[in-house]
Asks: 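Structure below; questions to follow.
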Amino acid sequence: GGRADVKALSGFEFWNFLIVDDADHVGLDAQIRTILRSAGAQTIHEARDGGQALKMLERIRFDAIICPCNTAPMDGLELVRRIRAGTDSETPPSTAVVMPVNPGDLDRFPEAREQGNIGFIERPVSGEILLACVRKVLGGQQEGAAVTFETPTTEETPKGGGADVK
């Protein structure tokens with residue numbers, strides 16, 4: 001039989017994602033969906049807020065949830081608390097969570113960090129950083145650590161994203 005092209009598989013095509021809409025950053029969910037799709041993700045669900053996300057968690061098993069801290073009416077931190085409590089949910093309490101936060105807010109959520117298995121990324125969200133954070137948090141489900149990814153400042157980032165263009 002034919003063999004799969006291993007190089008083309010990133011792991012993202014096997015994972016089930018949930019993106020919770022950000023009340024303060026219109027279009028962020030579409031940007032995140034585009035980044036995940038570009039990495040090969042095929043199953044991406046979206047919730048307009050934390051309440052709808054909880055209803056979806058009851059019947060669908062997600063591998064990773066991308067949830068900003070400021071979703072209304074329930075904020076992202078409350079959603080993480082409820083996921084970790086693990087009541088009436090198809091999604092396991094240890095599910096990976098990635099939380100986009102405003103610059104300067106990376107250290108503001110000690111309680112969420114203690115809940116473990118969460119990654120924080122600074123806005124504006126960069127594709128490379130989002131994907132690195134998702135990989136790290138999904139890979140760390142056993143360790144239960146919290147990770148933080150800061151957006152590099154423009155001085156550190158070479159023009160053109162650092163790729164050699166010939």
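Treat the numbers as computed from the prediction; the structure is a model and nothing was measured.
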Asks: For residues Met56 and Ala47, report the shortest heavy-atom separation together with the two atoms involved.
Replies: SD-CB, 3.8 Å

Asks: Quick one: does Pro124's side chain get under 4.5 Å of Gln31's, heavy atoms only?
Replies: no

Asks: Residues in side chain to side chain donor-acceptor pair (under 3.5 Å) with Arg48, at least two apart?
Replies: Gln52

Asks: Does this structure show an ion pair linking Lys55 with Glu58, if we count only N-O contacts that are shorter than 4.0 Å?
Replies: no

Asks: Can you name the nearest heavy-atom pair linking Leu79 to Cys67, along with the distance?
Replies: CD2-SG, 3.5 Å

Asks: Hey, could you give me the OG1/CZ distance between Thr95 and Phe62, rounded to the nearest 0.5 Å?
Replies: 9.5 Å

Asks: Taking the side chain as everything from C-beta on, heavy atoms only, tell me whether Arg82 gets closer than 4.5 Å to Leu57.
Replies: no

Asks: Rounded to the nearest 0.5 Å, how far apart are CZ of Phe14 and CG of Leu138?
Replies: 13.5 Å

Asks: Contact between Val137 and Asn117 at the side-chain level, heavy atoms closer than 4.5 Å - yes or no?
Replies: yes

Asks: Give me the atom names and distance for the closest heavy-atom approach of Ala39 to Leu131.
Replies: CB-CD2, 3.7 Å

Asks: Specify the closest pair of heavy atoms between Ala53 and Leu18, including all atoms of both residues, with the distance to one decimal.
Replies: CB-CD2, 4.0 Å

Asks: Hey, mind stepping through Val134 and Phe12 against side chain to side chain contact (heavy atoms under 4.5 Å, CB included) and telling me if it holds?
Replies: CA-CA 9 Å; Val134 168; Phe12 281 76; 3.7 Å; yes

Asks: Could you list the residues that satisfy salt bridge (charged side-chain N to carboxylate O under 4.0 Å, His left out) with Arg84, not counting sequence neighbours?
Replies: none

Asks: Counting distance only, does the side-chain N/O of Thr43 pair as donor-acceptor with the main-chain N or O of Trp15 below 3.5 Å?
Replies: no

Asks: Between Glu46 (side chain only) and Asp29 (backbone N and O only), is there a donor and an acceptor less than 3.5 Å apart?
Replies: no

Asks: Is it true that the side chains of Thr148 and Arg113 contain a donor and an acceptor less than 3.5 Å apart?
Replies: yes

Asks: Using the rule side-chain contact (heavy atoms from CB on, under 4.5 Å), only one of Leu36, Ile66, Ile32 pairs with Ile44; which is it?
Replies: Leu36

Asks: Closest heavy-atom contact between Val125 and Pro100?
Replies: CG2-CB, 4.1 Å

Asks: So, Asp63 side chain and Asn16 main chain: donor-acceptor pair closer than 3.5 Å or not?
Replies: yes

Asks: So do the side chains of Met74 and Leu54 get within less than 4.5 Å of each other, counting heavy atoms only?
Replies: yes

Asks: Any heavy-atom pair between the side chains of Cys69 and Asp105 that's under 4.5 Å?
Replies: no

Asks: Does any part of the side chain of Met99, heavy atoms only, come nearer than 4.5 Å to the side chain of Leu77, both counted from C-beta?
Replies: yes

Asks: Could you pull out the closest heavy-atom pair between Gly104 and Glu122, with the gap in Å?
Replies: N-OE2, 3.5 Å

Asks: Taking salt bridge (charged side-chain N to carboxylate O under 4.0 Å, His left out) as the definition, give me every residue that meets it alongside Arg61, ordered by chain and number, with sequence neighbours left out.
Replies: none

